[in-house]
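Residue numbers start from 1 in every chain, and the chains themselves are labelled A, B, ... in the order their sequence lines are given, proteins ahead of strands. Quantities reported herein were computed from a predicted structural model and do not represent experimental measurements. Just so it is clear, the values below take in all heavy atoms, side chains as well, and ignore hydrogens, waters and symmetry mates.
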Amino acid sequence: MKRTGLLYDERFLLHSTNQGHPECSDRLEIAYGALKEAGLLSQLTLIQATPARLKWIERVHSPRHIFRFEEACMLDLGELDNPDNQICKDSYDIALLAVGGILKTIDLVMEGKLDNAFCAVRPPGHHAEINRALGFCYFNNVAIAAKYLQEQWGVQRVGIVDVDAHHGNGTQQIFFNDPTVFYYSIHEHPSFSFPGTGREFERGIEEGEGFTLNSPVLPGQGDEAYQELLQRDLFPAFASFKPEVVLLSAGFDAHMDDDMSNINLSSEGYSWIMQRMVDLAEAYANGRLISILEGGYSLKRLPELIKNHLEILLDK
Amino acid sequence: MFIDKSMTRDVLTVDPGTSIAEANELMSRNRIRHLPVIDQDSRLVGIVTDRDIRSAMPSNLLSEEAVAREIKQIALLKVKDIMTRNVVTVSPMNTLEDALLLMQRTKVGAFPVLDLQGKLIGIISVRDLMRAFINVLGIEEAGTLLCILAEDKLGQMKRIVDAITEERIPFGSILVARYWEEGKRAVFPYLLTSNVARVKAKLEGLGYTLLNPMQWSLDQLPKKADKISE
């Protein structure tokens with residue numbers, strides 16, 4: 001069995017969105033409850049969050065964006081730029097806490113105290129761009145994690161895999177010209193789904209050309225399409241890039257029961273994908289896989305999917 | 001949507017005496033396909049395209065000797081020897097729709113834009129039109145497309161727009177298209193949100209059918225007796 005960390009902090013529930021908003025605190029609360037009930041917590045190393053230092057946020061986001069987010073929360077404006085991005089007074093602090101928890105998790109993995117980890121955080125991050133919040137995301141958790149790995153831990157090559165049903169436009173933007181971070185995303189085709197980016201021809205620019213890779217999936221497709229595309233696109237890409245650490249943007253909204261996408265992955269399909277992520281990390285990164293929660297809105301399915309994901313990380 | 005808002009104003013031009021080698025160089029360096037030809041008073045006298053130049057080049061079926069001979073002759077050619085003199089032009093008061101339909105009819109890829117005095121003030125090409133329509137569709141902003149089937153009768157759009165507005169969702173664009181079934185319209189609101197599950201359910205509750213995007217194809221539109229295309 002592996003030494004697997006679970007980042008979870010009750011304060012993540014304090015980022016509150018309006019009633020009926022899909023990115024709600026119930027997502028985490030119910031999922032955590034299910035892990036407890038399944039008796040899984042005793043097998044995991046539980047990690048409590050501490051707020052990130054601002055300098056790490058600033059490695060990715062513009063001061064303008066950071067200040068506007070902070071100010072909008074202080075003034076309790078209710079939303080940031082779009083009704084999608086709902087905020088409360090605590091949202092800024094909780095977003096800092098989510099990033100801080102992830103950085104702490106990275107430390108534990110890099111110090112060799114953990115083999116891998118899952119970060120059950122809110123708010124999610126992969127839509128957040130350098131200069132704006134988008135699609136329920138304020139700080140780009142996974143992008144900040146990649147920068148931290150490079151600057152704090154001297155990691156040369158970070159591989160990011162994004163399996164959320166939506167394209168991680170923010171993560172792509174941040175590393176579009178960067179050959180040291182490989183961004184791969186598989187998601188519902190942008191003509192049919194938010195945010196409308198992540199087409200096959202988006203492959204990076206300048207020095208980063210060839211270090212961004214997108215596999216759009218047509219609506220209605222599921223397990224088979226994902227297996228084919230990951231084998232065709234991701235596996236060879238990582239075989240040549242050889243990431244030293246694998247970061248996973250773990251979105252669970254491509255499940256057939258999740259109404260935020262038209263992708264039909266089964267629970268078994270998700271498990272297959274998650275097992276391959278562990279395999280990739282084993283092959284190139286000495287097993288170092290840090291998985292960070294993005295979307296996943298089916299309150300019925302999310303607990304089961306997270307539980308399966310953790311069991312695969314634990315290699316029970 | 002007038003042409004002068006979308007046209008390219010900094011037009012590269014040549015005069016009739018420019019060599020075709022120079023014109024060719026100018027086009028490939030700037031990645032353009034059309035060069036208006038103007039006289040000393042900025043009056044349009046013709047247009048030369050990359051295709052005109054290609055057609056002037058010797059056939060690759062000729063012998064090497066013949067090619068060499070022809071290239072010598074071609075080197076002497078000027079733009080005025082190969083340009084199109086009968087140029088299709090538009091005015092700044094023409095609309096983007098005019099240009100689009102005219103392109104389909106004439107199969108020409110770019111039109112010089114002339115002011116009332118006949119002076120060249122811009123050029124509008126397929127590229128400019130594409131940019132304008134990408135802008136109109138709003139697809140460079142983050143959003144989600146809905147596909148809704150509605151009765152072709154007054155007030156349907158209002159109901160749809162009201163339902164979406166009640167959910168406080170901003171619009172990127174909205175497109176209405178003919179549908180292959182008699183008496184129906186397909187409505188495509190492009191919504192600046194990631195969160196469409198609730199509004200979809202609401203629209204279905206109002207009796208609208210949401211089209212499966214995988215089933216939708218412009219080819220399935222009723223074929224119009226199309227005098228324009230051929």
Side-chain angles (χ1 to χ4, degrees), chain A residues 17-24 78-79 81-86 124 126-129 132-137 164-170 172-173 187-199 202 217-221 251 253 257-264 294-295 297-299, chain B residues 31 127 130-131 133-149 161-175 177 186-205 208-220:
Chain A
T17 50
N18 272 2
Q19 215 207 336
H21 195 284
E23 205 290 283
C24 58
E79 65 189 45
D81 296 334
N82 183 301
D84 274 5
N85 310 320
Q86 296 195 354
H126 73 153
H127 293 308
E129 295 182 354
R132 65 165 176 167
L134 193 76
F136 322 156
C137 302
D164 190 277
H166 305 96
H167 179 240
N169 58 293
Q172 171 168 301
Q173 179 209 32
H187 46 262
E188 186 171 2
H189 191 289
S191 290
F192 308 98
S193 180
F194 187 85
T197 52
R199 295 174 199 271
E202 296 166 25
V217 181
L218 291 172
Q221 304 213 296
D253 44 3
D257 291 341
D258 196 306
D259 60 8
M260 291 288 280
S261 83
N262 306 301
I263 297 294
N264 288 334
E294 301 283 359
Y297 306 96
S298 162
L299 296 178
Chain B
R31 304 179 68 191
R127 221 180 289 181
M130 275 199 311
R131 195 183 55 237
F133 280 92
I134 286 172
N135 191 21
V136 163
L137 291 174
I139 52 176
E140 285 187 322
E141 279 185 276
T144 312
L145 189 73
L146 294 189
C147 313
I148 305 163
L149 194 57
V161 169
D162 282 350
I164 294 167
T165 307
E166 277 163 26
E167 293 293 314
R168 301 189 60 245
I169 298 174
F171 283 87
S173 66
I174 188 161
L175 188 80
V187 182
F188 298 88
Y190 187 67
L191 304 179
L192 304 184
T193 180
S194 60
N195 184 10
V196 291
R198 205 159 81 168
V199 75
K200 275 170 143 177
K202 186 169 182 170
L203 288 163
E204 281 174 329
Y208 292 104
T209 308
L210 291 177
L211 292 169
N212 178 348
M214 294 300 288
Q215 302 298 320
W216 168 255
S217 147
L218 289 168
D219 296 338
Q220 288 174 284

>> Out of A:G295, A:G135, A:P190, A:P22, return the one with the most heavy atom pairs under 4.5 angstrom to chain B.
In response: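 Of the options given, most contacts go to A:P22.
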Check chain B and chain A for donor-acceptor pairs under 3.5 Å and report each one on its own line.
residue : atom : partner : partner atom : Å
B:G143  : N    : A:P195  : O            : 3.2
B:R168  : NH1  : A:E79   : OE1          : 3.2
B:R168  : NH2  : A:E79   : OE1          : 3.2
B:L192  : O    : A:N82   : ND2          : 2.9
B:T193  : OG1  : A:D84   : OD1          : 2.4
B:T193  : OG1  : A:D84   : OD2          : 3.1
B:S194  : N    : A:D84   : OD2          : 2.7
B:S194  : OG   : A:D84   : OD2          : 3.2

>> Under 4.5 Å from any heavy atom of chain A, what part of B:L146 do you find: side chain, backbone, both or neither?
In response: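 Neither part.
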